[in-house]
Amino acid sequence: MGTLDGRVCIITGAGRGIGREHALYLASQGARVVVNDLGGDMHGEGANRAPAQQVADEISGLGGEAVANTDSVADFDGAKRLVDEAIGAFGDLHVLVNNAGILRDRVLVNMTEAEWDAVMTVHLKGHFCPTRHAAAYWREQTKVDKEVRASIINTSSTSGVLGNAGQTNYGAAKAGIAAFSTICAMELNRYGVRSNAITPMARTRLTEQTPGLGDLVKPPEDASKFDQWDPANISPMIAYLATADCPFTGETFFVQGDVVARYQPYVLAEMITNNSERWTVEQLIEEGPKLSAGDDRRGGPSELARVPR
């Protein structure tokens, strides 16, 4: 018996990297999987059906159930076809894993409008479109008194929640995904739908091309040592969040190697008040320094923030 027996799962960007590992692992847990991948390169260019089909065939060869889909998740109608294909192939939908993404890294002063727009489209719109259609399906299920125990799992990044120089487009999109995931949890709970996000750190086409990371993410020379950057390390957490009885919703988790950590959401910290009177700028010049956390916040982000996926 698998932990996901009978669960129908869509995984976007599942032809390679982390998404491929998600598809294989969820299938090994009994899920019936729709392997979605447009088949483009790491910059989002081109299209190729082979990656998605190869993963679907691999799952089938191992005794699982899978179909391939190559619709663009950033196309509203294409995302509807993706959701409809899952329901048509397997009779239902229980899990949506939004994983597809691209990179167009550039420092802000050199970034083009096209580089900004491409990343926003694939990441933010590419999360919205499938989620919108899946949520509409689940809402309709509740209208006919069907119990829904669904899960949406979104892919944010340390670059989004902690920041990373050279990735204003990618980081902004990933920060938006974390907020999108939280609000989805608030809105969709009434329909029996949970929404969570992860910020994975693993070896992918994206991390291998990130300056300074190519050597860091390589497998250990000693094959007997635990590979902290193996993308397969991420998938058990995805499977846990996909289970029908997982208690979490509205959370974001850091996942790398053998580590899983929950992020603490934005909270108010230092505070000053002005006795029910509007502040003046002169008063703020005097009192504002009390808002300082007391440490040097001008340095770069932590090392965790330096990995895009």
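This chain uses plain numbering: 1 for the first residue, then up along the sequence. Computed from a prediction, not measured in an experiment: that's the story for all the values here.
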### Query
If two hydrophobic side chains count as joined below 4.5 Å and joins carry through other members, does V95 share a cluster with V148?
no
#### Entry: Single-linkage hydrophobic cluster, 4.5 Å side-chain cutoff, F90 and I152 together
yes
#### Entry: Electrostatic pair K146:D92 at N-O distance under 4.0 angstrom
yes
### Query
Would you call the rings of F254 and Y263 parallel, tilted or perpendicular, where under 30° means parallel and over 60° means perpendicular?
perpendicular
### Query
For residues D245 and T243, is any side-chain donor paired with an opposing acceptor at under 3.5 Å?
no
### Pair Q29-T3, side-chain donor/acceptor within less than 3.5 Å
yes
#### Entry: Transitive ILVMFWY side-chain link L188 to V83, under 4.5 Å
yes
### Message
Quiz question: by atom type and distance under 3.5 Å, do the side chains of Q256 and N233 form a donor-acceptor pair?
### Response
no
### Cluster link W138 to I10, ILVMFWY, side chain under 4.5 Å
yes
### Task
Please check if any side-chain donor atom of Y240 sits under 3.5 Å from a side-chain acceptor atom of N196, or the reverse.
no
### Query
Are there more than 12 heavy atoms of other residues, nucleotides or ligands under 6.0 Å from atom CZ of F226?
yes
### Task
Enter the distance from R20:CZ to N99:CG here, rounded to the nearest 0.5 Å.
13.0 Å
### Query
Can you tell me if S181 and S195 form a side-chain donor-acceptor pair at under 3.5 Å?
yes
### Task
Please round to the nearest 0.5 Å and tell me the distance separating atom OH of Y170 and atom NE2 of H123.
5.5 Å
### Query
Does N164 offer a backbone N or O that forms a donor-acceptor pair with the side chain of S159 under 3.5 Å?
no
## Note on the structure
So OG1 of T280 and CD of E286: to nearest 0.5 Å the spacing works out to 10.0 Å
### Message
For the backbone of I198 and the side chain of T252, can you confirm whether one donor and one acceptor N or O come within less than 3.5 Å of each other?
### Response
no
### Pair K80 + D84: basic N to acidic O under 4.0 Å
yes
### Task
Answer with yes or no whether the hydrophobic clustering places V193 together with I11; edges join I, L, V, M, F, W, Y residues whose side-chain heavy atoms lie under 4.5 Å apart.
no
